[in-house]
Amino acid sequence: MSGETIRVSEIFGPTIQGEGALIGLPTVFVRTGGCDYRCSWCDSLHAVDSAFRDQWLPMSVEAVWQEVTKLSGGRPLTVSLSGGNPAIQPLGPLIEFGHSQGYRFALETQGSVARTWFRDLDMLVLSPKPPSSGMLADWDEVDNCLRLAADGPEIVLKIVVFDDADYLFAQQVGERYPDIPLFLQPGNHTPPPPDDDDARIDIDGVMDRMQWLVEKVTADGWFTPRVLPQLHVLLWGNKRGV
């Protein structure tokens with residue numbers, strides 16, 4: 001295995017994938033530390049904010065894999081690589097070794113950093129950030145991600161929608177990449193502070209936004225995307241490790 005270390009915020013599971021194309025699928029999560037973005041509504045600041053860097057462990061592939069197999073009981077399942085932005089970590093050797101053990105790998109990234117090892121994934125979720133995030137999507141780099149992942153994993157797009165501007169952004173993404181499956185989800189407007197995973201969450205507000213989004217796409221006759229909730233938010237609110 002590679003001698004490079006992976007900066008890890010947390011490893012947890014098995015639980016279900018809470019969103020997107022693999023929603024409901026039993027999964028072990030490897031959440032890496034560090035991100036090149038700082039979204040205004042980030043719900044995982046403990047893995048993004050450099051103030052929590054001392055909580056991110058530099059782990060070898062062997063150490064990560066020991067934890068994954070302990071949690072999964074050695075039964076191959078899907079490993080979700082998340083963050084932060086997991087694309088900034090050297091995850092290629094972990095994916096290669098995990099595949100040799102029968103596991104599958106999904107990774108979600110905003111598409112701001114492209115890696116050659118994307119083609120070795122089983123699923124690549126590209127989630128360009130909408131205007132409400134305060135960040136700007138780098139379309140050249142998103143295109144580079146798609147180029148490097150070509151003929152490799154299943155590729156899907158996922159857009160978080162908070163308001164009309166985000167909805168318009170999602171439509172533009174759908175027009176730009178008409179052949180890639182598109183998933184929309186309402187955002188959590190009461191994300192937890194990084195040091196409190198039991199923070200209040202406005203479930204009624206989340207469900208109101210979900211209803212608004214469903215009614216929006218149906219009224220517009222926009223039948224291309226799938227509209228899904230964040231299932232883990234509905235089940236556990238802002239709790240971490242689930």
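It should be emphasised that the depicted structure is a prediction, and the values quoted were computed from it without experimental measurement.
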key: Flag for Ser132-Asp163: side-chain donor and acceptor within less than 3.5 Å   = no

query = Between Gln211 and Glu215, is any side-chain donor less than 3.5 angstrom from a side-chain acceptor?
reply = yes

query = CD of Glu67: more than 12 outside heavy atoms within 6.0 angstrom?
reply = yes

query = Is there side-chain contact between Val173 and Trp139, with at least one heavy-atom pair below 4.5 Å?
reply = yes

query = Quick one: which of Leu107, Val48, Thr109 gives a side chain to side chain contact (heavy atoms under 4.5 Å, CB included) with Asn85?
reply = Thr109

message = Using modelled atom types and a 3.5 Å cut-off, is there a donor and acceptor pairing between side-chain atoms of Arg119 and backbone atoms of Gly152?
response = no

key: Contact summary for Phe118 and Cys145, nearest pair of heavy atoms   = CE2-SG, 3.6 Å

query = Between Asp36 and Ser112, does any side-chain donor sit less than 3.5 Å from a side-chain acceptor?
reply = yes

key: SB check Asp49 Arg38 (cutoff 4.0 Å)   = yes

query = Any chance CG of Leu136 has more than 12 other-residue heavy atoms, nucleotides or ligands included, within less than 6.0 Å?
reply = no

task = Taking all non-hydrogen atoms of both residues into account, name the closest pair between Trp117 and Gln89 and its distance.
result = CZ2-O, 3.3 Å

query = When hydrophobic residues are tied together by side-chain contacts of less than 4.5 Å, even through go-betweens, does Leu148 share a cluster with Leu91?
reply = no

query = Just by modelled atom types, is the Phe162 backbone N or O under 3.5 Å from a matching donor or acceptor in the Arg209 side chain?
reply = yes

query = Shortest non-hydrogen contact from Gly83 to Ser44?
reply = O-OG, 3.4 Å

request  = Please state whether the rings of Trp222 and Tyr167 are parallel, tilted or perpendicular, taking 30° and 60° as the class boundaries.
outcome  = perpendicular

task = Specify the closest pair of heavy atoms between Gly84 and Cys35, including all atoms of both residues, with the distance to one decimal.
result = CA-CB, 3.8 Å

key: side-chain contact (heavy atoms from CB on, under 4.5 Å) between Leu77 and Thr27, intermediate numbers included   = CA-CA 6 Å; Leu77 44 59; Thr27 302; over 6 Å; no

note = Here the gap from Thr32 atom OG1 to Ile11 atom CD1, rounded to the nearest 0.5 Å, amounts to 10.5 Å

ask   = In terms of side-chain heavy atoms, does His99 have a donor or acceptor partner in Asp120 at a distance below 3.5 Å?
value = no

inquiry  = When you compare the side chain of Tyr37 with that of Cys42, does any pair of heavy atoms fall below 4.5 Å?
reply    = no

message = Test of understanding: clusters of I, L, V, M, F, W, Y form through side-chain heavy atoms closer than 4.5 Å, transitively. Do Val28 and Leu57 belong to the same one?
response = yes

key: Spacing of Glu108 atom CD and Met123 atom CE [to the nearest 0.5 Å]   = 11.0 Å

task = State, without any angle test, whether Tyr103 and Ser72 hold a side-chain donor-acceptor pair at a distance under 3.5 Å.
result = yes

message = Less than 4.5 Å apart, side chain to side chain, heavy atoms only: is that true for Cys39 and Met135?
response = yes

query = Is Val156 reachable from Leu231 through a run of hydrophobic residues whose side-chain heavy atoms are each under 4.5 Å from the next?
reply = yes

query = Under the 3.5 angstrom rule, does the side chain of Asp122 hit a backbone N or O of Ala106 as a donor-acceptor pair?
reply = no

message = So Arg31 and Leu81, do their side chains get closer than 4.5 Å, heavy atoms only?
response = no

task = Consider only side-chain heavy atoms of I, L, V, M, F, W and Y, link residues closer than 4.5 Å, and tell whether Met59 and Leu71 are in one cluster.
result = yes

task = Might you point out which heavy atoms bring Lys129 and Trp41 nearest each other, and give the distance in Å?
result = CD-CH2, 4.2 Å

ask   = Quick one: does Glu141's side chain have a donor or acceptor within less than 3.5 Å of a partner on Ala114's backbone?
value = yes

query = Should Asp166 and Ile159 be marked as a side-chain contact (heavy atoms from CB on, under 4.5 Å) after you check the CA-CA gap, both sets of side-chain angles, and the distance that decides it?
reply = CA-CA 8 Å; Asp166 289 355; Ile159 306 297; 5.8 Å; no

task = Using atom types as modelled and distance alone, determine if a side-chain donor or acceptor of Arg115 lies under 3.5 Å from a backbone N or O of Ala87.
result = yes

ask   = Under a 4.5 Å cut-off applied to non-hydrogen side-chain atoms, are Arg7 and Arg53 in contact?
value = yes

query = Linking I/L/V/M/F/W/Y whenever any side-chain heavy atoms sit under 4.5 Å apart, do Trp236 and Leu25 land together?
reply = yes

request  = Please examine the side chains of Gln110 and Val142, heavy atoms only from C-beta on, and report whether any two atoms are closer than 4.5 Å.
outcome  = no

ask   = How far does CG of Leu228 sit from CG of Leu184, to the nearest 0.5 angstrom?
value = 9.0 Å

query = Are the side chains of Leu124 and Leu121 in touch, meaning some heavy atoms are under 4.5 Å apart?
reply = yes

ask   = Should the pair Asp143-Arg176 be classified as a salt bridge under the 4.0 Å nitrogen-to-oxygen rule?
value = yes

message = With side-chain contact (heavy atoms from CB on, under 4.5 Å) as the criterion, how do Leu157 and Phe183 come out once you've worked through the C-alpha distance, each side chain's angles and the decisive distance to 0.1 Å?
response = CA-CA 6 Å; Leu157 291 159; Phe183 293 80; over 6 Å; no

message = Could you report the tightest heavy-atom contact between Ile155 and Pro181, atom names first, then the distance?
response = O-CD, 3.6 Å

Test item: side-chain donor near acceptor, His232 and Gln17, under 3.5 Å = no

ask   = Step by step, would you call Phe97 with Val64 a side-chain contact (heavy atoms from CB on, under 4.5 Å)?
value = CA-CA 11 Å; Phe97 183 77; Val64 172; over 6 Å; no

